[in-house]
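Report on the structure given below.
What you see below is based on every heavy atom in this structure, not just the backbone, and it leaves out hydrogens, waters and symmetry mates. One is the number of the first residue; the rest follow in order along the sequence.
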Amino acid sequence: MGGRVLIALGGNAMTAPDGSASPADQQRAIGEAMAHVAALSRAGHEVVLTHGNGPQVGNLLLKNQLAAHVVPPVPLDWCVAQTQGTIGTLIMNALQRELGHARVAAIVTRTLVDPADPAFQDPVKPIGRYFGEDEARRFEGHGQAWRRFDRGWRRVVASPRPVEILDASAAVALIDAGFTVVAAGGGGVPVVRREDGALTGIEAVIDKDLAAAALAVSVGATDLVIATDVPNAAVDFGTPRARPIEEIDVAALRELQAAGHFAGGSMGPKVEAAVCFAEETGGRAVITSLHHIGAALSGNIGTRVYRGVER
């Protein structure tokens, strides 16, 4: 057998190349992604999947806004739960087409966050589509936070760090029973624990890659693969001096982080997730493109992150 591999699929695996998220586009894109995942399963790896949901949640938020005069809008944590169900179903169907009678399960997964997380005091994560100022001001009247960007106004929400993947034990039970499991989609449904111990949803977006690292630790993964749209993380990305990062240890990658080489809205969370997983488990984290995930586990492709020289 290979190992227990957690694969975090980026948004590019869920939509058409131009970002279109029509049902047909999503089915096609997920079908192509599952062909790569199925190859890992056939090679003997125990596969656990998680995924992004940005375009899908954006579509739900737009529907909320357009239909607000007809039906009450639902909160953001409900939107995350809905996308876990729809994307999970598409993944299950596509993977079973690839693997025949494979057993696949998608879990509606909650992620605990700290209500005292500083992110709630300064919401900066943009979600949904761009609007004009008049519409943004109207939505602000409903208690939402909006900010102006180059292309217009967008809603912003808190993006707290994940504290615990609450339903990881259910994922482990299914994995141990031979299922390929999809869990913590979109970073998980954000919940907080009240003073009486009860859990309740909260308006927030949890970074998918940081949640993937937490899930990978919780399910005992040997490898974390963060699938994105580039073959490697890079130093001096976007400049003539750009060079790919190949094999690297946690300390060296932390130095590059501190030097500002990874943008907060793109590669930054992926690098942080890779570092957290490798540091905590001693396992390997890989950042690479979806098409290279198999080669990255068996060869020398992608950015491979290790805890240290003991690998």
Between Arg154 and Arg129, is there a side-chain heavy-atom distance shorter than 4.5 Å? no

Taking side chain to side chain donor-acceptor pair (under 3.5 Å) as the definition, give me every residue that meets it alongside Gln144, ordered by chain and number, with sequence neighbours left out. Trp146

Do any N or O atoms from the side chain of Gln96 and from the backbone of Ala102 form a donor-acceptor pair under 3.5 angstrom? yes

Do Ile248 and Tyr306 make a side-chain contact, defined as non-hydrogen atoms from C-beta onward lying under 4.5 Å apart? no

Heavy-atom side-chain proximity of Leu60 to Gln82 below 4.5 angstrom: yes

If you measure from the Lys or Arg side-chain nitrogens to the Asp or Glu carboxylate oxygens, is any gap between Glu247 and Arg284 under 4.0 Å? no

Any chance you could measure Glu203, atom CD, to Phe120, atom CZ, to the nearest 0.5 Å? 10.0 Å

Minimal heavy-atom distance between His292 and Pro231, with the atoms involved, is ND1-CB, 3.9 Å

Acceptor/donor pairs from residues 269-278 side chains to any protein atom, 3.5 angstrom cut, sequence neighbours excluded:
unit_1 : atom_1 : unit_2 : atom_2 : d
Lys270 : NZ     : Asp209 : OD2    : 3.3
Glu272 : OE1    : Arg254 : NH1    : 2.8
Glu272 : OE1    : Gln257 : NE2    : 2.9

Checking Asp249 side chain against Arg307 main chain: does a donor-acceptor pair fall under 3.5 Å? no

Applying side-chain contact (heavy atoms from CB on, under 4.5 Å) to Leu6 and Val225, what does each step give before you reach the verdict? CA-CA 6 Å; Leu6 190 135; Val225 179; over 6 Å; no

What is the minimum heavy-atom distance between Gln84 and Val108, and which atoms define it? OE1-CA, 3.1 Å

Hey, is the main chain of Gly3 close enough, under 3.5 Å, to the side chain of His45 for a donor-acceptor pair? yes

Residue pair Gly10 / Lys208: nearest heavy atoms and the distance that separates them: CA-NZ, 3.7 Å

Check: Ser289 side chain, Asp229 main-chain N or O, donor-acceptor pair, under 3.5 Å: no

Quick check: does any side chain N or O of Ser298 sit under 3.5 Å from a backbone N or O of Gly294, one acting as donor and the other as acceptor? yes

Test log, rule side chain to side chain donor-acceptor pair (under 3.5 Å), inputs Gln65 and Glu135: CA-CA 10 Å; Gln65 292 159 349; Glu135 291 169 301; over 6 Å; no

Ring centroid separation Phe131 to Phe139 under 6.0 Å: yes

So Leu76 and Ile202, do their side chains get closer than 4.5 Å, heavy atoms only? no

Quick one: do Arg304 and Asp223 satisfy salt bridge (Lys or Arg N to Asp or Glu O under 4.0 Å)? Show the steps, please. CA-CA 10 Å; Arg304 287 99 57 201; Asp223 298 89; over 6 Å; no

Is a donor on one side and an acceptor on the other found under 3.5 Å between the side chain of Arg155 and the backbone of Gly128? no

Closest heavy-atom contact between Ala234 and Phe262? O-CE2, 3.6 Å

Please tabulate, one pair per line, all N/O donor-acceptor pairs under 3.5 Å involving side-chain atoms of residues 187-200, not counting sequence neighbours.
unit_1 : atom_1 : unit_2 : atom_2 : d
Arg193 : NH1    : Gly197 : O      : 3.3
Arg194 : NE     : Asp196 : OD1    : 3.4
Arg194 : NH2    : Asp196 : OD2    : 3.0
Asp196 : OD1    : Ala198 : N      : 3.0

Minimum heavy-atom distance Val219-Ala171, with the two atoms named: CG1-CB, 4.3 Å

Any non-hydrogen side-chain atom of His36 less than 4.5 Å from a side-chain atom of Leu40? no

Derivation and outcome, side-chain contact (heavy atoms from CB on, under 4.5 Å), residues Ile30 and Ile91: CA-CA 6 Å; Ile30 290 173; Ile91 289 175; 3.9 Å; yes

Considering only heavy atoms from C-beta outward, does the side chain of Ile293 approach that of Thr288 to under 4.5 Å? yes

Ignoring hydrogens and angles, tell me if any N or O in the side chain of Thr50 forms a donor-acceptor pair with the backbone of Ala184 under 3.5 Å. yes

What are the two closest non-hydrogen atoms of Asp77 and Gly201, and how far apart are they? OD2-CA, 3.4 Å

Donor-acceptor pair, side chain of Asp207 and main chain of Ser159, under 3.5 angstrom: no

Under 3.5 Å side-chain donor-acceptor pair for Asp236 and Thr239: no

Taking NZ, NE, NH1 and NH2 as the nitrogens, is one of them in Glu32 or Arg28 under 4.0 Å from a carboxylate oxygen of the other? no

Can a donor-acceptor pair be found, under 3.5 Å and without considering hydrogens, that links the side chain of Ser218 to the backbone of Ala216? no

Thr111 side-chain N/O to Pro162 backbone N/O, donor-acceptor pair under 3.5 Å: no

Apply the test side-chain contact (heavy atoms from CB on, under 4.5 Å) to residues Thr89 and Asn93: give CA-CA distance (whole Å), side-chain angles for both, the deciding distance (0.1 Å), then the verdict. CA-CA 6 Å; Thr89 299; Asn93 290 344; 3.8 Å; yes

4.5 Å side-chain heavy-atom contact, Tyr130 and Trp153: no

